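Quick caveat, the model's predicted, so the values are computed rather than measured. Below, all heavy atoms of this structure are taken into account, side chains as well, without hydrogens, waters or symmetry copies.
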Amino acid sequence: MQKYVLVLALILFPSLSDAQKMFQLESPTGDITISVRVADSVYYTVSVNKTPVIAPSTIAVLTNASKWGINATVSRQRKRTVKETIVNPVPFKRALIPDHFNELELQFKGSYSLIFRAYDDGVAYRFVSSTTDSLYINREIATFRFAANDTVYFPQMQKRDDVDIFHTSFEEPYRKVTLSTIASSAMGFTPVLVAGRIKAVITESDLWNYPGMFLAGSNGKALHGVFAAYPDQLEVRGGEFKQPVAISRKDYIAYIAGHQPLPWRVIILAKEDKQLLTNDLVYRLGSPPVTTDWSWVEPGMSTEEWICGSNIYGVDFTSGINTA
């Protein structure tokens, strides 16, 4: 009898071990599913009504102290459901914003955790430091591997001669291409729309002391996050509109305090284009404001010259702050 018990245990233990490395999270309606596998790295997939949108994609963070998500060991998992309403102090799309999501937090050995959220209109994830020590973030691996070679609206950046490619005005036109035509050397800024059977917008939210995420191609069906290294030496350049530019950079991308969360990596999901216009997931993922008194905020005319046109000369109409 003892031999049978031993054999049964040997059969069950590997399957139990594998089960502990697989995690799943559904949106409140159950339409969106995030699957997470912890192995040599952390891989996540996303599906909508069982239709694959994001194929297994690698995510990790390399710090000066450890490698988050690489050969990682989950020490604890925790799930929670939130159903609240955000009152927007300055109503834009809507004054009352339903904030309803399911969350999965994976705590890892090595003083960090990984949080996934599933909403009914998108998903998001972020790494969080749980150590009291400050850390250098040397590299972040953020992969968005799509299940199909979908159409993508990609604002490819053009490098200027006098600065590196991260100096951009974010004014490139969005080109309509397929994922596989975007070379690994091509880079664009976010948000980026991938328009397959399900519309997917890749963007980010809640940045604190961290560079913005750019996206590079892969000559395949994946987009990869790219992050500017921390500026080392700055030099003020320009004529009428002067600006500091980085003429050299550090060998890390960010320096964060203890217990600091990294930005949310966000995938907005929609079945129809019109749903993208009303989506405010980026706002919902932002940290609540420290200030609570917004009575001083009133709508009015902007004095920003690029908006009101007060810097236009030699035209046959009255430029500046007016309704002409």
Side-chain angles (χ1 to χ4, degrees), residues 22-37 42-57 59 77-89 91-107 113-128 142-147 150 153 190-208 212-213 215 223 225 261-289:
M22 297 293 298
F23 308 90
Q24 190 164 294
L25 183 69
E26 292 185 344
S27 63
T29 61
D31 292 342
I32 297 175
T33 302
I34 307 173
S35 299
V36 183
R37 182 169 69 91
V42 176
Y43 302 86
Y44 76 100
T45 62
V46 179
S47 61
V48 178
N49 293 324
K50 298 184 179 180
T51 298
V53 178
I54 301 293
S57 301
I59 53 177
Q77 67 165 312
R78 183 175 69 93
K79 285 187 176 182
R80 69 179 181 128
T81 296
V82 171
K83 191 172 185 179
E84 299 176 341
T85 299
I86 299 173
V87 180
N88 193 344
F92 178 50
K93 294 182 179 180
R94 47 186 174 176
L96 301 178
I97 303 174
D99 191 29
H100 191 188
F101 61 86
N102 292 328
E103 181 181 277
L104 167 66
E105 179 181 4
L106 299 177
Q107 297 178 0
S113 61
L114 178 56
I115 300 175
F116 289 89
R117 284 189 184 177
Y119 296 78
D120 288 327
D121 56 357
V123 300
Y125 76 85
R126 78 187 323 178
F127 283 93
V128 180
T143 309
F144 307 88
R145 188 176 306 280
F146 285 82
D150 293 323
Y153 293 82
T190 62
V192 166
L193 168 63
V194 180
R197 290 176 58 188
I198 301 296
K199 321 292 181 183
V201 175
I202 303 173
T203 186
E204 58 187 345
S205 182
D206 207 31
L207 281 74
W208 294 97
M213 180 177 66
L215 291 171
L223 296 172
L262 271 57
W264 288 107
R265 306 294 163 220
V266 184
I267 306 174
I268 295 170
L269 299 167
K271 296 178 182 178
E272 300 179 79
D273 291 339
K274 64 183 181 181
Q275 295 173 314
L276 299 175
L277 297 176
T278 56
N279 190 292
D280 47 22
L281 182 55
V282 171
Y283 185 92
R284 279 175 271 157
L285 286 164
S287 294

Student: CZ of Phe116 to CG of Leu25: how many Å apart, nearest 0.5 Å?
Tutor: 9.0 Å
Student: Mind listing the side-chain donor-acceptor pairs of residues 95-102 below 3.5 Å, one per line with the distance, residues two or more places apart or on another chain?
Tutor:
residue: Asn102; atom: OD1; partner: Thr81; partner atom: OG1; Å: 2.8
residue: Asn102; atom: ND2; partner: Glu26; partner atom: O; Å: 2.8

Student: Taking all non-hydrogen atoms of both residues into account, name the closest pair between Ala200 and Val53 and its distance.
Tutor: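 Minimum heavy-atom separation between Ala200 and Val53: CB-CG1, 4.4 Å.
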Student: Counting only N and O atoms by type, is there a donor-acceptor contact under 3.5 Å from the side chain of Ser27 to the main-chain atoms of Asp120?
Tutor: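 Between the backbone of Asp120 and the side chain of Ser27 there is no qualifying donor-acceptor contact (under 3.5 Å).
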Student: Taking it one step at a time, do Val46 and Leu269 satisfy side-chain contact (heavy atoms from CB on, under 4.5 Å)?
Tutor: CA-CA 10 Å; Val46 179; Leu269 299 167; 4.0 Å; yes
Student: Keeping to residues at least two apart or across chains, list the salt bridge (Lys or Arg N to Asp or Glu O under 4.0 Å) pairs with something in residues 262-271.
Tutor: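 Counting only pairs at least two positions apart or across chains, the salt bridge (Lys or Arg N to Asp or Glu O under 4.0 Å) contacts touching residues 262-271 are Glu140-Arg265, Glu204-Arg265.
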Student: For the OH atom of Tyr43 and the OG atom of Ser35, what is their distance to the nearest 0.5 Å?
Tutor: 15.0 Å
Student: Once you round to the nearest 0.5 Å, how far does CD1 of Ile86 lie from CG of Asp280?
Tutor: 8.0 Å
Student: Quick check: does any side chain N or O of Arg126 sit under 3.5 Å from a backbone N or O of Pro263, one acting as donor and the other as acceptor?
Tutor: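 Not a single qualifying donor-acceptor pair exists.
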Student: If you take all heavy atoms of Phe127 and Tyr125, which pair is closest and at what distance?
Tutor: CE1-CE1, 4.4 Å
Student: Testing the basics here: between Ile32 and Tyr119, what is the closest heavy-atom pair and its distance to 0.1 Å?
Tutor: CD1-O, 3.3 Å
Student: Side chain to side chain contact (heavy atoms under 4.5 Å, CB included) with Ser57: which residues, sequence neighbours excluded?
Tutor: Tyr44, Ile54, Thr143, Arg145
Student: Flag the pair Val282 / Trp264 as yes when at least one side-chain heavy-atom distance between them is below 4.5 Å, and no otherwise.
Tutor: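 No. Closest side-chain heavy atoms not under 4.5 Å.
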Student: Taking only residues two or more places apart in sequence or in another chain, which ones pass side chain to side chain contact (heavy atoms under 4.5 Å, CB included) with Ser287?
Tutor: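 Only Asp206, Trp208 meet the side chain to side chain contact (heavy atoms under 4.5 Å, CB included) criterion with Ser287.
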Student: Please give me the minimum heavy-atom distance between Pro191 and Thr203, naming the atom from each residue.
Tutor: CB-CB, 4.0 Å
Student: What is the minimum heavy-atom distance between Ile202 and Thr190, and which atoms define it?
Tutor: O-CB, 3.8 Å
Student: Indicate the atoms forming the closest heavy-atom contact of Lys93 with Leu277, along with that distance.
Tutor: NZ-O, 3.0 Å
Student: Looking at residues at least two apart in the chain, or sitting in another chain, which of them share a side chain to side chain contact (heavy atoms under 4.5 Å, CB included) with Asn279?
Tutor: Asp121, Ile268, Leu281, Arg284
Student: Can you confirm whether Arg117 sits close enough to Leu285 that some side-chain heavy atom of one is under 4.5 Å from a side-chain heavy atom of the other?
Tutor: yes
Student: Mind checking what makes side chain to side chain contact (heavy atoms under 4.5 Å, CB included) contact with Thr51, not counting sequence neighbours?
Tutor: Arg197
Student: What's the separation between atom CG in Asn88 and atom CZ in Arg94, rounded to the nearest 0.5 Å?
Tutor: 10.0 Å
Student: To the closest 0.5 Å, what do you measure between CG (Leu114) and CD (Gln107)?
Tutor: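 Separation between the atoms: 11.0 Å.
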Student: Once rounded to the nearest 0.5 Å, what's the spacing between atom CD of Gln24 and atom NZ of Lys79?
Tutor: 7.0 Å
Student: For Ile34 and Leu104: C-alpha separation, side-chain torsions, deciding distance, then whether side-chain contact (heavy atoms from CB on, under 4.5 Å) applies.
Tutor: CA-CA 10 Å; Ile34 307 173; Leu104 167 66; over 6 Å; no
